[in-house]
2 protein chains.
Amino acid sequence: MADIVSARRLQPGETLFVEGEPADRLFNITAGTMMVYRLLPDGRRQITGFLFPGDFLGFGSESVYHYSAESITVVDLCRFSRPELQRLLERFPAMEQRLFGMASHELAAAQDQMVLLGRKTAQEKVASFLIMLSERAAQRGQKSNPVSVPMSRSQIGDYLGLSIETTSRVFSRLKQKKIIARRPGDRIEILDRDTLAAMAEGA
Amino acid sequence: MADIVSARRLQPGETLFVEGEPADRLFNITAGTMMVYRLLPDGRRQITGFLFPGDFLGFGSESVYHYSAESITVVDLCRFSRPELQRLLERFPAMEQRLFGMASHELAAAQDQMVLLGRKTAQEKVASFLIMLSERAAQRGQKSNPVSVPMSRSQIGDYLGLSIETTSRVFSRLKQKKIIARRPGDRIEILDRDTLAAMAEGA
DNA sequence: CGATCCGTTGAGGTGCGTCAACGGGAGTGG
DNA sequence: CCACTCCCGTTGACGCACCTCAACGGATCG
């Protein structure tokens, strides 16, 4: 395994690859936060996902990436070359099952995001976003309550289908209602998780 | 293969399975149109996809369905039982690769849909929808220009993240601008595909 | 110390949702 | 064969959630 992998470090805001580039590499994030997004011709952006340590990037079966990837924080990643990986898959067919499981999981997440984008209000979107961040932090064994929120308002807005200003206003309102609070660094503390979770589901 | 399959016919509006049910079956549509959707507690609905002949349904790797499925027209489908399929997969590992390819393809479609839901206007959404319907009809060898649109305004709206009324108004406006025209049955003719495609991408 | 970027907040506008009324087609029963 | 009902689609009037435009303050950096 070791000889088909190479490491790489990205500074914040570096583009790892862009939509349409040949998808000859696969990455695994070991540290930091990244985002993947698509653009409309006039520049409107939809961020389709945020990626954290442990997540894979570029593992579709297509020949070109159909989205762009950019780092948000400093990021460390492992790079696998696709042809080598292909040989590995032929040697160990059980890995294919893992890949399929990962794709299935992503598909479920994508459907959640469609519900959010199509049918939730601004407040419900932000609440869902914070709950999701907190749960994902817990899943990878990081602190889930004062949760780290490394992305900017603009990135959060482009993920939730909102403007920067609306995103900021919702955060302010949640703070004012004592449901969340700012903490040193990029951390946000969830003061009333039940209320926040209820908001997220529109109840 | 033949002995693990059974056929089934659905009348319009029949529910095939609901969110949360154990996902022990997999289906392939041989005729008709279906939809898959998720609901929020208060009844808001997001339709996450429409399915046509040749499409598979319920092929995730999870143990329960995380969405509901309902027929739109009369539908014929083949049913596979999951445990049998599992045995088949172990005999023919190459099939896993096909499954992964399908999941990848769906993931790409889901990302397109996120761009649509998060960043497109009502008119861009409807234009994208019609182009998509037409292209998918062509892909399965059906007539792509007077294209069949079997779903109701309410279903289209819940797919595009719009209200019934807005959906209807956009259709009216496109008709009035001579970009589309109603045809007998559930067909819509695309009179100016270039303009419609340009609208879809927001240009 | 100016420049830049990000976040916040206010004021005002608008695209789309909501509410409502109406018409046509399909199914039903007298 | 004709009322009657129900459902769907359409259209108008109106309201509001969110977007746009704008100003400002704080942090970071050369």
Audit row: A:C78, A:T30, side chain to side chain contact (heavy atoms under 4.5 Å, CB included) steps and yes/no: CA-CA 7 Å; A:C78 293; A:T30 55; 3.8 Å; yes
Nearest-angstrom distance from the residue atom CZ of B:R173 to C1' of C:dG15: 10 Å
Donor/acceptor link under 3.5 angstrom from A:E165 side chain onto base of D:dC18: no
Sugar-phosphate only, base, or nothing, as touched by B:S172 at under 4.0 Å among non-hydrogen atoms: sugar-phosphate
Atom-pair distance (CE on B:M151; P on D:dC8), nearest Å: 15 Å
Shortest non-hydrogen contact from A:Y159 toward A:I47: CD1-O, 3.3 Å
5′-ward residue of the pair A:R182/A:R119 relative to DNA chain C: A:R182
Ring geometry between A:F17 and A:Y67 (parallel below 30°, tilted from 30 to 60°, perpendicular above 60°): tilted
Atom pair distance, as rounded to whole Å: CD1 in A:I164 and P in C:dT9: 15 Å
Nearest listed nucleotide, side chain of A:L162, among D:dC19, C:dG7, C:dG17: D:dC19
Separation of D:dT10 C1' from B:I180 CD1 (nearest whole Å): 14 Å
A:R153 side-chain proximity, nearest of C:dG17, C:dG7, D:dG9: C:dG7
Donor/acceptor link under 3.5 angstrom from B:R169 side chain onto base of C:dG15: no
For atom NZ of B:K120 and atom P of C:dC16, their distance in whole Å: 14 Å
Sugar-phosphate, base or nothing in reach of A:S163, heavy atoms under 4.0 Å: base
Distance below 4.0 Å between A:T166 side-chain N/O and D:dC19 OP1 or OP2: yes
Result of checking A:I72, A:D55, A:T73, A:I29 against A:M34 for side-chain contact (heavy atoms from CB on, under 4.5 Å): A:I29
Length of the line joining B:Q123:CD and C:dT14:P, which is rounded to integer Å: 17 Å
Touch class at under 4.0 angstrom, heavy-atom based, for B:G157 against every strand present: nothing
A:D186 CG - D:dT28 C1' separation (whole Å): 16 Å
From CD (A:Q111) to OG1 (B:T48), nearest 0.5 Å: 4.5 Å
Sugar-phosphate, base or nothing in reach of A:K175, heavy atoms under 4.0 Å: sugar-phosphate
Gap between atoms CG and P, on B:L160 and C:dC16 respectively (whole Å): 12 Å
